[in-house]
Q: 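Structure provided below as structure tokens; questions to follow.
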Amino acid sequence: MSQHPNQFDLLKTRRFLPLFITQFFGAFNDNLLKNAVVVLINFHGMQLLGLAPELMIQLAAALFILPFFLFSATAGQLCEKYDKAAIARVVKQMEIAIMLVAALGFWLHNGMLLMSTIFLMGVHSTLFGPLKFSVLPQYLRPSELVGGNGLIEMGTFVSIILGQVAGTVLVNADESRITIIVALLGCALAGLASARAMPPAPPTSAALPIDWNMARQTWLIIKQAKQSRPVWLALLGISWFWFLGAIYLSKLPTFASDVLGGDASVYTLLMTLFSLGVGLGSMLCEKLSGNKVELGLVPFGSLGLCLFGIDLYFATPAHAPALTDWLGFVAQPASWRMMADFALIGVFGGFYIVPLYALVQSRAAPEFRSRAIAANNILNSLFMVVSAAFAAVLAGQGVSIHNVLLITALLNVVVAIYIYSLLPEFLMRFVIWLLTHTLYRIRHEGLAHIPDEGGCVLVCNHVSFMDALILAGAVRRPVRFVMDHHIFKVPVLNFVFRTARAIPIAPAKEDPQAKQRAFDAVAAALAEGEVVCIFPEGKITADGQINVFKSGIEEIVARTPVPVIPMALCGMWGSFFSRRYGAAMLSLPRRAWSKIALKAAPPVPAANVSAAGLQEIVSQLRDDWY
């Protein structure tokens, strides 16, 4: 049986642990600083320019976001041109200087100084953002990418929890602010120490000239990011998540105090539940996705964001109860539904965001990866600014906070439908994921033999009408299937096959022109570097044995020489979709959630490909099932 290492094993490695710790302390300091300032504004009456508390909180959010819009293009270039570990050390030295300014602001209780440090920490995060995500593919193997992203997201949101709690507790407990000053400086020093332990991450484009014209570079990297449609739409999807998050986070302090009648501890509790939820969802992504970039989790996550965002509206009380702390809030039975909503919004947010980040990392060109992340940060900041403006307009119209949250959840429904209509691969993966993981327990073995890029052909035995879906759900790259035109037309499944751009084929004696069109389409797909899968038997087995492989595979690789990966489906004979008990899908199902396996052998070079040789390899893979 193939065993995947536990994603927590990455925390034992020098190629991941220092990065994780550096990001953890940086995110902790961000949130310790920001939440301490928010608590001073919302609960301790800190003033700046005579602004109302809610506007001051929104100003703080805007100051943190602004550097992402201004400096992300430069940050992306720097991360392409120079060693990322070296940049991390410089950024952490900058953080120490920023925390010295923050210490002075807390000591003097000076709102202007504290607001300026929020802006400077935005600059710090702008520089570190492209680094932390673009370095992961350099440090990690492809099978570790989802797990690594999940750990980074989990660590980030755990640090958010701790930073939020620490910001509230330290501000309320120590009027002299000495404790919070020590905490900020101590975390900055710890971040620098961990950054110094990061292994080298050589530049991916050392010859890249740095263009210091921020406006021009911002436009150029956005334009270049749009050249890859899946990457571009993933960036839009990530940015929409931060649009939603910005509304929730900016409204949460006032929601806790004015709508729920709670103090700072209630706000901290809700933030903790949300952050724990995102961390849990991020960690579960690796388990649910089977160590690969599973786009099917994206619509699943989006669905949860919609449902629990809407439910939060109905769970919110019409009138604020008497002011209470978190213990009093938890003691109210009606609060548990709201607490569950906040936690589940976080969980499904993790399902939504982690695969999108992994998709950008895996599909963006290595020499453009840092700038793709920078483009993501620019879009995120733009969406968050629009989010703030959107919330401000609604507030100006007198729309209540819980109505703002409902409108946001309903908007998410509309945007999700739009994005998945543009990139139906996301929705298709969701359908496949639901079907295959509901019906079967699938063991994968040897799928790492499938190359990460470049054209190749997968050949597999043909046991049932579900075979293509199982392969599509298991292989991390999009697969173009060549399939019998009758199977291609099966209702419901036809939607999946068309969305996946499957290639229908007919026997020469039935429709020679259709066969030629199919072979032309296969050649074009392979020339474009795509993955093509064929079932060389040409039909589903009627007796459980492998039928003779036909010579079409030899013709394919003779025309377009690419490696061929033999694969075997094991355990599908006897399923509802096979012909063991007569015509498929007409008899009653005899088993549920059964164990099956999909196994792959090393690639066979085009020069060595023969139908008989491939059949022998596939037969051996299947015979080794038990």
Side-chain angles (χ1 to χ4, degrees), residues 19-38 59-79 84-85 87-102 114-136 149 152-153 155-164 167 184 187-188 190-192 194-195 198 214 218 235 238-239 241-243 245-246 249-250 275 278 353 357 360 370-385 387-388:
L19 171 66
F20 178 85
I21 294 174
T22 304
Q23 163 63 14
F24 184 91
F25 279 114
F28 179 89
N29 252 5
D30 272 349
N31 288 278
L32 175 59
L33 175 64
K34 288 187 295 184
N35 197 57
V37 173
V38 167
L59 174 62
L63 286 172
F64 186 78
I65 294 166
L66 183 59
F68 287 92
F69 189 74
L70 295 177
F71 307 123
S72 286
T74 303
Q77 294 176 83
L78 293 172
C79 289
K84 297 176 184 62
I87 294 176
R89 292 190 285 274
V90 172
V91 171
K92 291 296 122 178
Q93 290 167 354
M94 178 192 302
E95 183 181 350
I96 293 172
I98 295 169
M99 290 309 150
L100 288 171
V101 177
L114 290 174
M115 285 294 196
S116 69
T117 58
I118 288 177
F119 174 81
L120 291 172
M121 280 304 287
V123 176
H124 158 276
S125 297
T126 299
L127 295 173
F128 196 75
L131 183 157
K132 71 179 179 183
F133 284 116
S134 63
V135 79
L136 279 176
N149 274 284
I152 290 289
E153 290 298 309
T156 298
F157 280 93
V158 169
S159 66
I160 287 173
I161 297 169
L162 297 177
Q164 295 282 352
L184 289 168
C187 289
L192 176 60
S194 58
M198 288 173 59
M214 294 179 291
T218 296
L235 297 181
I238 294 169
S239 297
F241 175 80
W242 288 109
F243 177 98
L249 296 179
S250 66
S275 301
V278 175
I353 200 72
Y357 274 122
V360 173
S370 294
R371 282 172 288 169
I373 300 298
N376 173 66
N377 290 341
I378 293 167
L379 290 172
N380 288 354
S381 62
L382 179 61
F383 273 61
M384 291 168 78
V385 169
S387 168

Q: Aromatic rings Phe119 and Phe71: how do their planes relate, parallel, tilted or perpendicular, breaks at 30° and 60°?
A: perpendicular
Q: Considering all heavy atoms of both residues, which atom of Ser134 and which atom of Lys84 are nearest to each other, and what is their separation?
A: OG-CE, 3.2 Å
Q: Quick one: CG on Leu70 to CD1 on Ile378, what's the gap to the nearest 0.5 Å?
A: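 One gets 9.5 Å once the value is rounded to the nearest 0.5 Å.
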Q: Give a yes or no answer on whether the side chain of Asn35 reaches the backbone of Asn31 with a donor-acceptor pair at less than 3.5 Å.
A: no
Q: To the nearest 0.5 Å, tell me how far Cys187 SG sits from Glu95 CD.
A: 8.0 Å
Q: If you take all heavy atoms of Leu114 and Ala102, which pair is closest and at what distance?
A: CD2-O, 3.8 Å
Q: Shortest non-hydrogen contact from His124 to Gly26?
A: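 Reported closest heavy-atom pair: CE1-CA, 4.5 Å.
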Q: Heavy atoms only: give me the nearest Ser72-Ala374 pair and the separation to one decimal.
A: O-CB, 3.1 Å
Q: Please report the interatomic distance CZ(Phe133) to CG(Asn377), rounded to the nearest 0.5 Å.
A: 8.0 Å
Q: Return the set of residues passing side-chain hydrogen bond (donor to acceptor under 3.5 Å, both in side chains) with Ser125 (not counting sequence neighbours), or none when no residue passes.
A: Asp30
Q: Does atom CZ of Phe69 have more than 12 heavy-atom neighbours, drawn from other residues, nucleotides or ligands, at distances under 6.0 Å?
A: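 Incorrect, the count does not exceed 12.
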Q: Going by side-chain contact (heavy atoms from CB on, under 4.5 Å), Ile98 matches just one of Asn29, Thr117, Leu184. Which one?
A: Thr117
Q: Go through Val278 and Ile160 one step at a time and tell me if the side-chain contact (heavy atoms from CB on, under 4.5 Å) criterion holds.
A: CA-CA 11 Å; Val278 175; Ile160 287 173; over 6 Å; no
Q: Which atom pair, heavy atoms only, marks the closest approach of Asn380 to Ser239?
A: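 Where Asn380 meets Ser239 most closely, the heavy atoms are OD1-OG, 2.9 Å.
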Q: Taking Thr126 for its side chain and Phe68 for its backbone only, find out whether a donor-acceptor pair lies under 3.5 Å.
A: yes
Q: Atom CG in Leu66, atom OG in Ser381: separation rounded to 0.5 Å?
A: 8.0 Å
Q: Please evaluate residues Asn376 and Trp242 with respect to the criterion side-chain contact (heavy atoms from CB on, under 4.5 Å), reporting the C-alpha separation (whole Å), side-chain torsions for both, the decisive distance (0.1 Å), and the verdict.
A: CA-CA 11 Å; Asn376 173 66; Trp242 288 109; 5.7 Å; no
Q: Say whether, by atom type as modelled, one donor and one acceptor occur between the side chain of Ser387 and the main chain of Phe383 under 3.5 angstrom.
A: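 No; zero donor-acceptor contacts below 3.5 Å.
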Q: Between Leu192 and Ile96, is any pair of side-chain heavy atoms under 4.5 Å apart?
A: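 The answer is yes; the side chains approach within 4.5 Å.
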Q: Apply side-chain contact (heavy atoms from CB on, under 4.5 Å) to the pair Ile87 and Leu127, showing each step before the final yes or no.
A: CA-CA 8 Å; Ile87 294 176; Leu127 295 173; 5.6 Å; no
Q: I'd like to check Phe128 versus Thr22 (side-chain heavy atoms, cut-off strictly below 4.5 Å). Are they in contact?
A: yes
Q: Kindly give the heavy-atom pair with the smallest separation between Met384 and Ala246, and that separation in Å.
A: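 Answer, listing the atom of Met384 first, then Ala246: CG-CB, 4.0 Å.
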Q: Stepwise, does the side-chain contact (heavy atoms from CB on, under 4.5 Å) test hold for Leu19 with Val135?
A: CA-CA 9 Å; Leu19 171 66; Val135 79; 3.6 Å; yes
Q: Taking ring-ring contact (aromatic ring centres under 6.0 Å, His included) as the definition, give me every residue that meets it alongside Phe25, ordered by chain and number, with sequence neighbours left out.
A: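 Counting only residues at least two positions away or on another chain, Phe25 forms no ring-ring contact (aromatic ring centres under 6.0 Å, His included).
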